[in-house]
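Residue numbers count from 1 along this sequence.
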Amino acid sequence: MGLNKRSGVIFMASTEYAPDTDNPTDTDNPTDTGDTARPVSFLPSRIDRAVIAVVRVGVGLLWLQNLGWKTPPNFGKGDPPGGLYLSTTYAVSHEVLHPYALLVNQVVLPNFTFFAWMVLLVEASLGAFLTFGLATRFWALVGMAQTVVIMLSVLNAPNEWIWSYLLMVLVHAALFATAAGRYAGLDGVLRPACLPSQSWLPRLLVRVS
């Protein structure tokens, strides 16, 4: 709260301040380590923080559960095909985007085992990092990208619904926008210690959280 001495009018700043709280502008200024007050979190309500934490954990568990049909070592490549291999072939047999279909047909399918292991690694990491709330903003972007890749493979296949993929993109965007790992996640635990540091690893963690 401030006082305009010339007019005698008391005004309230648009942003409230409280010590030891996150900056809603997300400037992450490492030099602001003194006793100056910082703006309050942009999710000040406990209910808001609890809801976004539940959403983050739920999305992480969704990715982990989705690993069940991506089974090594052949990932469904066989006679008849199934699992990840079959869904990958949909990018060619039920084409969504021609350049992507060419990429799958000429690069991915001939080297399917390598790409299948990469998918397994990426989606397992997505599930784990989102569930525990570590580097959440980075993994939210990865989740959006992976959802788009899946959509380009299977969107035109039978019994697919476009809104299931659009909703997945939107929920990852929400996790990114709210920095969801700062609420009941490891980002919230590690971030205060990393903010004052000048080392590259803590600074990187601040950027991706």
Inset, instruction - State, with a plain yes or no, whether a side-chain heavy atom of Ser153 is found less than 4.5 Å away from one of His94. - result: no
Legend entry - Interatomic spacing from NE2 in His98 to CG in Asn105 - rounded to 0.5 Å: 10.0 Å
Legend entry - From CG (Leu205) to CG (Leu190), nearest 0.5 Å: 6.0 Å
Inset, instruction - Grab the two heavy atoms, one from Val104 and one from Pro110, that are nearest each other, plus how far apart they are. - result: O-CD, 4.1 Å
Legend entry - Non-hydrogen atoms of Leu175 and Ala140 that approach each other most closely: CB-CB, 4.2 Å
Inset, instruction - Keeping the roles fixed (side chain from Asp187, backbone from Ala135), state whether a donor-acceptor pair exists under 3.5 Å. - result: yes
Legend entry - Side chain proximity check, Glu123 to Ile150, heavy atoms < 4.5 angstrom: yes
Inset, instruction - Verify, without hydrogens or angle tests, whether Arg137 (side chain) and Val208 (backbone) share a donor-acceptor contact under 3.5 angstrom. - result: no
Inset, instruction - With rounding to the nearest 0.5 Å, note down the distance linking OG in Ser164 to CE in Met151. - result: 9.5 Å
Inset, instruction - Without swapping roles, check the side chain of Ser197 against the backbone of Cys194 for a donor-acceptor pair under 3.5 Å. - result: no
Legend entry - Same apolar cluster (I L V M F W Y, side chains within < 4.5 Å links), Leu102/Val107: no
Legend entry - Taking every non-hydrogen atom, the tightest pair across Gln146 and Val119: NE2-CG1, 4.0 Å
Inset, instruction - Decide if atom CG of Leu201 counts as having more than 12 heavy atoms of other residues, nucleotides or ligands within a radius under 6.0 Å. - result: yes
Legend entry - Parallel, tilted or perpendicular, as decided by the 30° and 60° cut-offs, for the rings of Phe129 and Trp139: parallel
Legend entry - Residue among Ile52, Val54, Val51 satisfying side chain to side chain contact (heavy atoms under 4.5 Å, CB included) with Tyr183: Ile52
Legend entry - Reported CG-to-CG distance for the pair Asn66 and Leu61, which is rounded to 0.5 angstrom: 12.0 Å
Inset, instruction - Check Trp63 against Thr147 and note the closest heavy-atom contact, atom names and distance. - result: CZ2-OG1, 3.8 Å
Inset, instruction - Indicate yes or no for a side-chain donor-acceptor contact from Arg56 to the backbone of Leu130 under 3.5 Å, with no hydrogens or angles considered. - result: yes
Legend entry - Sub-4.5 Å side-chain heavy-atom contact between Phe75 and Thr88: no
Legend entry - Side chain to side chain, Lys77 and Leu84, heavy atoms closer than 4.5 Å: no
Inset, instruction - Locate the shortest heavy-atom distance separating Val206 from Arg191; write the atom from each residue and the value. - result: O-NH1, 3.1 Å
Legend entry - Ile47 CD1: over 12 foreign heavy atoms closer than 6.0 Å: no
Legend entry - side chain to side chain contact (heavy atoms under 4.5 Å, CB included) between Leu109 and Tyr85, intermediate numbers included: CA-CA 8 Å; Leu109 290 179; Tyr85 183 80; 4.0 Å; yes
Inset, instruction - Of all the heavy-atom pairs spanning Met168 and His172, show the shortest one and how long it is. - result: O-ND1, 2.7 Å
Inset, instruction - Report the distance from atom OG1 of Thr113 to atom CG of Asn74, rounding to the nearest 0.5 Å. - result: 8.0 Å
Inset, instruction - Would you mind telling me which of Val142, Leu141, Thr136 makes a side chain to side chain contact (heavy atoms under 4.5 Å, CB included) with Phe138? - result: Val142
Inset, instruction - Report yes if some heavy atom in the side chain of Leu86 is under 4.5 Å from a heavy atom in the side chain of Thr89; otherwise report no. - result: yes
Legend entry - Residue pair Tyr165 / Glu160, side-chain donor-acceptor N/O under 3.5 Å: yes
Legend entry - Residue Tyr100 excluded, over 12 heavy atoms near OH under 6.0 Å: yes
Inset, instruction - Working to the nearest 0.5 Å, report the span between CG of Leu204 and OG of Ser199. - result: 12.0 Å
